[in-house]
Amino acid sequence: MPDRAPQPVDRQLPTDEARDLISLVRDIAQREIAPKVAEEEDAGRFPREVFTLLSESGLLGLPYDSEYGGGEQPYEVYLQVLEELAAVRLTVGLGVSVHTLASYALATYGSKQQQVEHLPAMLGGGLLGAYCLSEPASGSDAASLRTKAVREGDDWVITGTKAWITHGGIADFYTVMARTGEDGPRGISAFLVPADAAGLSAAAPEKKMGMKGSPTAQVHFDGVRVGDERRIGEEGQGFAIALSALDSGRLGIAACAIGVAQAALDEAVTYATERRQFGKPIADFQGLRFMLADMATQIEAGRALYLAAARLRDAGRPFAKQAAMAKLHCTDAAMKVTTDAVQILGGYGYTADFPAERYMREAKVLQIVEGTNQIQRMVIARHLAGPEGR
């Protein structure tokens with residue numbers, strides 16, 4: 001019933017520029033992304049042309065300095081852009097979040113010379129980035145990573161394997177954490193590695209239950225040589241850079257999760273108001289009405305949580321605890337909301353003819369990436385009660 005069809009999210013935005021930005025994103029999403037989602041996700045096709053368009057439209061560097069081609073938007077605006085994109089296709093929303101994460105080290109810790117040389121192409125020159133921290137035997141315990149970078153004159157030679165890399169094999173640059181010193185977090189440094197470096201290769205993409213259009217692959221470094229001018233920050237600072245990047249990156253995952261959840265709610269509302277049983281729309285049955293109300297409440301709470309964390313970040317205040325809370329709540333909410341959406345659609349929800357089943361499969365990965373939700377609980381607890389084993 002058109003009068004009860006879902007409407008676009010009514011957003012609280014700080015400026016007219018931000019409102020125009022959201023309008024632009026919605027236009028691109030509906031015109032260039034939405035028509036091909038089901039077909040391309042089913043085929044496992046990555047929409048590189050969409051990312052080229054997003055770069056040309058100034059949407060791949062939104063939170064970074066305009067001096068280098070960024071949009072200089074506050075995080076509360078950037079995250080709502082991610083939500084809009086993820087609601088249409090998570091492959092795109094998460095891809096923008098990962099690219100932003102990959103650009104973070106250079107944009108925040110790079111020297112002026114490094115930023116002048118590399119950031120314009122990264123933020124608005126059509127390049128796509130990947131973030132290399134996890135390894136086959138080093139996931140949640142990231143400080144135990146084994147990929148090594150050995151100094152040879154003015155160069156570093158990187159050897160090792162990174163795992164679970166979004167955009168692995170298709171990225172133009174990789175932000176890589178590698179061991180340059182002692183065991184543990186103090187022996188890790190960060191490097192900016194071009195994709196065409198000799199010795200860099202990617203394995204075949206993983207076969208995943210969702211986000212099939214977004215390649216996730218191991219990336220191999222077989223004696224990859226980069227100059228010291230591509231080391232970001234000080235030697236031994238890499239792990240601190242990685243954790244700082246992840247605090248912001250978790251907010252990106254939270255926003256993407258709310259986007260997926262919102263899409264699932266919209267699908268459920270549309271179906272429930274149009275599907276008739278026992279002579280009336282199923283949305284008139286109290287059991288389903290209460291489900292829809294709970295779904296909407298979880299989404300609004302998640303959106304408020306990630307925006308509150310973003311506003312702390314924008315104000316220059318500590319936000320790590322709130323980022324972990326947002327990632328935890330929003331991704332758990334997305335899993336619940338998408339599962340409920342499938343239930344509301346009944347048998348149709350279990351078929352690929354409707355997007356609800358795709359939303360549910362995609363929501364699952366958001367509880368895992370950039371720190372599992374068990375790790376988020378550990379982070380939150382440390383802020384509350386101090387580190388374990390004191």
Side-chain angles (χ1 to χ4, degrees), residues 25 28-29 32-34 36-38 40-41 44-55 59-63 75 78-104 128-134 163-171 174-175 205-206 208-217 245-264 302-303 306 310 323 326-328 330-335 337-338 355 358-373 376:
V25 171
I28 291 174
E32 303 293 340
I33 303 174
K36 304 175 184 177
V37 174
E40 293 193 342
E41 283 296 325
R45 181 181 178 277
F46 180 73
R48 183 60 192 253
E49 72 283 355
V50 169
F51 284 86
T52 300
L53 175 61
L54 294 177
S55 180
L59 298 176
L60 285 191
L62 284 177
Y75 235 67
Y78 157 68
L79 292 179
Q80 293 185 81
V81 168
L82 285 188
E83 185 190 329
E84 292 281 344
L85 292 171
V88 178
R89 187 174 182 183
L90 183 58
T91 286
V92 176
L94 189 68
V96 174
S97 181
V98 168
H99 175 81
T100 303
L101 178 69
S103 303
Y104 176 90
L128 187 65
Y131 180 80
C132 296
L133 178 62
S134 294
W164 311 113
I165 306 305
T166 301
H167 302 156
I170 65 168
Y174 296 85
T175 296
E206 306 288 351
K208 301 175 297 186
M209 67 182 286
M211 285 194 68
K212 296 180 180 180
S214 176
T216 303
L246 287 174
D247 283 340
S248 297
R250 285 166 181 160
L251 291 180
I253 300 302
C256 286
I258 293 302
V260 173
Q262 184 69 57
R303 185 176 291 123
Y306 87 63
K327 199 273 185 184
L328 169 64
C330 293
T331 58
D332 280 354
M335 194 71 249
V337 168
T338 56
R358 172 167 59 84
Y359 298 144
M360 187 176 74
R361 289 186 289 106
E362 291 178 340
K364 184 64 219 176
V365 75
L366 299 174
Q367 294 178 301
I368 299 170
V369 297
E370 295 193 29
T372 67
N373 282 6
Q376 304 313 313

Search all heavy atoms of [X] against all heavy atoms of [Y] and return the closest pair with its distance.
X: Pro63; Y: Tyr75; value: CB-CE1, 3.6 Å
X: Ser134; Y: Ile165; value: O-CD1, 4.4 Å
X: Gly168; Y: Ala217; value: O-CB, 3.8 Å
X: Asn373; Y: Leu366; value: OD1-O, 4.5 Å
X: Ala334; Y: Ala257; value: CB-O, 3.5 Å
X: Ala326; Y: Ala254; value: O-CB, 3.6 Å

Checking [Y] against [X]: is there a side-chain donor and acceptor pair closer than 3.5 Å?
X: Tyr78; Y: Thr100; result: yes
X: Glu370; Y: Tyr131; result: no
X: Thr91; Y: Glu41; result: yes
X: Gln80; Y: Arg303; result: no

Is the shortest side-chain heavy-atom distance between [X] and [Y] below 4.5 Å?
X: Val50; Y: Leu53; answer: no
X: Thr166; Y: Ser214; answer: yes
X: Leu328; Y: Thr331; answer: no
X: Leu246; Y: Leu133; answer: yes
X: Ile33; Y: Val37; answer: yes

For the [atom1] atom of [X] and the [atom2] atom of [Y], what is their distance to the nearest 0.5 Å?
X: Glu84; Y: Ile258; atom1: CD; atom2: CD1; answer: 13.0 Å
X: Lys212; Y: Glu362; atom1: NZ; atom2: CD; answer: 10.5 Å
X: Cys132; Y: Trp164; atom1: SG; atom2: CH2; answer: 14.5 Å
X: Leu85; Y: Ile28; atom1: CG; atom2: CD1; answer: 8.0 Å
X: Gln367; Y: Gln376; atom1: CD; atom2: CD; answer: 11.5 Å
X: Ser55; Y: Leu128; atom1: OG; atom2: CG; answer: 9.0 Å

Look at the side chain of [X] and the backbone N and O of [Y], then say whether any donor-acceptor pair between them is shorter than 3.5 Å.
X: Lys327; Y: Val369; result: yes
X: Thr52; Y: Arg48; result: yes
X: His99; Y: Gly129; result: yes
X: Thr338; Y: Met335; result: yes
X: Arg250; Y: Ala323; result: no

Problem - Aromatic ring pairing Phe51/Phe46, orientation class (parallel under 30°, perpendicular over 60°, tilted between) - result: parallel
Practice task
Take Leu251 and Leu82, measure what side-chain contact (heavy atoms from CB on, under 4.5 Å) needs, and give me the verdict at the end.
Solution key: CA-CA 10 Å; Leu251 291 180; Leu82 285 188; over 6 Å; no
Handout entry: Derivation of the side-chain contact (heavy atoms from CB on, under 4.5 Å) call for Arg89 and Glu40
Key = CA-CA 10 Å; Arg89 187 174 182 183; Glu40 293 193 342; 2.7 Å; yes
Problem - Cys256 vs Leu90, side-chain contact (heavy atoms from CB on, under 4.5 Å): CA-CA, chis, key distance, verdict - result: CA-CA 7 Å; Cys256 286; Leu90 183 58; 3.8 Å; yes
Exercise for the section: Apply side-chain contact (heavy atoms from CB on, under 4.5 Å) to Lys208 and Val365, showing your working. Expected result: CA-CA 9 Å; Lys208 301 175 297 186; Val365 75; over 6 Å; no
